[in-house]
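Predicted model only: the values in this text are computed from it and were never measured.
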Amino acid sequence: MTAQMLRSNGCRVIGVDVDGGRIAMAQSMGLDWGIHPDDFDQITQVARLTGGTGADGVIITAASQSDEIVSAAFKMCRKKARVVLVGDVGLDLSRADFYAKELDFLISSSYGPGRYDEHYEQGGLDYPIGYVRWTEGRNMAEYFRLLADGLVDLSNLATEIHPLAKAADAYGALKNGPQKPLLVLLSYELGHDVQPRRRLDIPGVAARKHAGRIRVGLIGAGGFAKGMHLPNMVEMADTFEP
């Protein structure tokens with residue numbers, strides 16, 4: 001997805017990955033050059049492919065505890081280039097890797113400026129476009145435009161479909177599967193006499209009063225649920241009952 005977005009903006013894109021299958025997939029979707037670290041020295045290859053100049057920018061979308069990923073990104077850059085961290089990698093930075101080149105190192109804020117800002121997300125207080133060109137909302141709108149124009153294609157990313165009853169297998173494939181797909185899909189079937197609904201009405205819930213703790217059901221076991229919702233519920237055990 002990153003390669004496609006960069007290509008749509010006129011960039012020549014070099015991709016580095018430890019999975020040769022993902023390199024091939026990215027090349028089929030617009031990546032100009034793919035590098036496997038076991039085949040070539042990635043820093044030397046980037047220098048060669050850029051005519052000895054170095055990369056104008058590096059976007060890190062990896063997940064690893066290793067600090068070598070950031071170090072390699074700095075070494076790939078030309079002077080005064082930019083490195084943007086989207087993923088989650090080790091950050092024991094070496095001053096020598098970026099100081100002499102005067103590099104900019106940026107850490108992405110999830111969906112963009114406005115994320116985690118209650119005034120923006122809940123209150124609808126937008127940032128002036130003259131000061132913040134790409135906010136969370138404008139980023140999403142632009143992404144939808146890229147999808148609509150066919151500049152970002154997700155059709156090849158989903159390689160496996162698991163029935164809902166085997167959701168655990170789907171999560172296991174992402175973590176431990178031999179191919180480790182980029183994403184998996186969950187499928188479910190409705191009975192012939194069941195019509196899907198867009199809205200679920202629960203009569204009288206808003207007016208109903210409860211004595212004692214509030215009973216809560218939590219759907220989903222992703223990182224945000226485990227890192228935020230569940231710990232908060234534990235801390236507020238006098239108010240909420242799972």
Review point. What's the shortest heavy-atom distance between Lys226 and Pro231, and which atoms?
Key: O-CD, 3.2 Å

**Study point:** Residue pair Ala81 / Cys77: nearest heavy atoms and the distance that separates them
**Key:** CB-CB, 3.6 Å

**Study point:** Apart from Val18 itself, residues in the same hydrophobic cluster as defined by side-chain heavy atoms under 4.5 Å
**Key:** none

Check your understanding: Is the number of heavy atoms from other residues, nucleotides or ligands within 6.0 Å of CZ (Arg115) greater than 12?
Key -> yes

Review point. Can you get from Val86 to Leu103 by hopping between Ile, Leu, Val, Met, Phe, Trp and Tyr side chains that sit under 4.5 Å apart?
Key: no

Practice item. Give the minimum heavy-atom separation between Ala3 and Val13, together with the two atoms involved. Key: O-CG2, 4.0 Å

Check your understanding: When you look at Val16 and Met76, which way does the side chain to side chain contact (heavy atoms under 4.5 Å, CB included) test go after all the steps?
Key -> CA-CA 11 Å; Val16 180; Met76 292 175 184; 4.1 Å; yes

Practice item. For the residue pair Tyr116 and Ser110, establish whether any side-chain heavy-atom pair is separated by less than 4.5 Å. Key: yes

Study note, to complete from the structure: For Tyr120, the hydrophobic cluster (side chain heavy atoms closer than 4.5 Å, chained through members) also holds Tyr127, Tyr131, Val132

Point to revise | Val58 with Ile107, same ILVMFWY side-chain cluster at under 4.5 Å | key: yes

Study note, to complete from the structure: In this structure, NZ of Lys166 is separated from OG of Ser187 (nearest 0.5 Å) by 10.5 Å

**Study point:** Shortest non-hydrogen contact between Gln27 and Gly34, atoms and distance
**Key:** NE2-N, 3.3 Å

Practice item. Kindly compute the distance separating CG (Leu106) from CG (Leu85), expressed to the nearest 0.5 Å. Key: 10.0 Å

Study note, to complete from the structure: Heavy-atom closest pair (Thr61 atom, Thr2 atom, distance to 0.1 Å) is CG2-OG1, 3.7 Å

Exercise for review: Tell me, with the steps shown, if Gln4 and Asp153 meet side chain to side chain contact (heavy atoms under 4.5 Å, CB included).
Suggested key: CA-CA 8 Å; Gln4 291 182 81; Asp153 180 12; 3.7 Å; yes

Review point. Quick one: ring-ring contact (aromatic ring centres under 6.0 Å, His included) pairs with a partner in residues 50-109, sequence neighbours left out?
Key: Phe74-Phe98, Phe74-Phe105

Review point. With sequence neighbours excluded, what pairs up with Asp97 under the side-chain hydrogen bond (donor to acceptor under 3.5 Å, both in side chains) test?
Key: Ser71

Check your understanding: Quick one: salt bridge (Lys or Arg N to Asp or Glu O under 4.0 Å) partners of Glu68, sequence neighbours excluded?
Key -> none

Check your understanding: Closest approach of Ala167 and Leu186, non-hydrogen atoms and distance?
Key -> CA-CD2, 4.0 Å

Review point. Are Val234 and Leu218 in one and the same hydrophobic cluster, where Ile, Leu, Val, Met, Phe, Trp and Tyr link if side-chain heavy atoms are under 4.5 Å apart?
Key: no

**Study point:** Beyond-backbone contact of Ile161 with Val184, side-chain heavy atoms, under 4.5 angstrom
**Key:** no

Review point. His36 versus Ile23: any side-chain heavy-atom pair under 4.5 Å?
Key: yes

**Study point:** Linked, directly or transitively: Ile43 and Phe40 (ILVMFWY side chains, under 4.5 Å)
**Key:** yes

**Study point:** Nearest-0.5 Å distance that lies between atom SG in Cys11 and atom CD1 in Ile14
**Key:** 11.0 Å

Exercise for review: Only counting residues at least two apart or in another chain, list the ones meeting salt bridge (Lys or Arg N to Asp or Glu O under 4.0 Å) with Asp126.
Suggested key: Arg138

Check your understanding: Considering residues at least two apart in sequence or located in another chain, which fulfil the side-chain contact (heavy atoms from CB on, under 4.5 Å) criterion with Tyr143?
Key -> Met1, Met5, Met140, Leu147, Val152, Leu154

Can you give each donor-acceptor pair under 3.5 Å made by side-chain atoms of residues 47-56, sequence neighbours left out, with the distance rounded to 0.1 Å?
from: Arg48; atom 1: NE; to: Gln45; atom 2: OE1; distance (Å): 3.1
from: Thr50; atom 1: OG1; to: Val46; atom 2: O; distance (Å): 2.7
from: Thr50; atom 1: OG1; to: Ala47; atom 2: O; distance (Å): 3.3
from: Thr50; atom 1: OG1; to: Gly54; atom 2: N; distance (Å): 2.8
from: Thr53; atom 1: OG1; to: Thr50; atom 2: O; distance (Å): 3.3
from: Asp56; atom 1: OD1; to: Arg78; atom 2: NE; distance (Å): 2.5

Practice item. Would you please test Leu93 and Val70 for side chain to side chain contact (heavy atoms under 4.5 Å, CB included) and show each step? Key: CA-CA 8 Å; Leu93 306 181; Val70 174; 3.5 Å; yes

Check your understanding: Got a sec, which residues hit side-chain hydrogen bond (donor to acceptor under 3.5 Å, both in side chains) with Asp149, two or more places apart in sequence or on another chain?
Key -> Arg145

Point to revise | Value rounded to 0.5 Å, distance of NE2 in His162 from CG in Leu164 | key: 12.0 Å

Point to revise | Any donor-acceptor N/O pair, Asp67 side chain to Leu91 backbone, under 3.5 Å | key: yes

Check your understanding: Please walk me through it: do Trp134 and Glu142 pass side chain to side chain contact (heavy atoms under 4.5 Å, CB included)?
Key -> CA-CA 9 Å; Trp134 295 107; Glu142 177 64 12; 3.7 Å; yes

Exercise for review: List in chain and number order the residues that pass side-chain contact (heavy atoms from CB on, under 4.5 Å) with Ala62, two or more places apart in sequence or in another chain; answer none if no residue qualifies.
Suggested key: Ile60, Ile69, Val89

Review point. Under a 4.5 Å side-chain heavy-atom rule over Ile, Leu, Val, Met, Phe, Trp and Tyr, are Leu146 and Ile59 clustered together?
Key: no

Practice item. Drop me the distance from Arg213's CZ to Met236's CE, to the nearest 0.5 angstrom. Key: 12.5 Å

Review point. What residues form a side-chain hydrogen bond (donor to acceptor under 3.5 Å, both in side chains) with Asp32, not counting sequence neighbours?
Key: Arg7

Practice item. Quick one: list whatever passes side-chain hydrogen bond (donor to acceptor under 3.5 Å, both in side chains) with Glu102, sequence neighbours left out. Key: Lys79, Lys80

Study note, to complete from the structure: To the nearest 0.5 Å, atom CD of Glu235 lies from atom CG of Leu230 at 11.5 Å

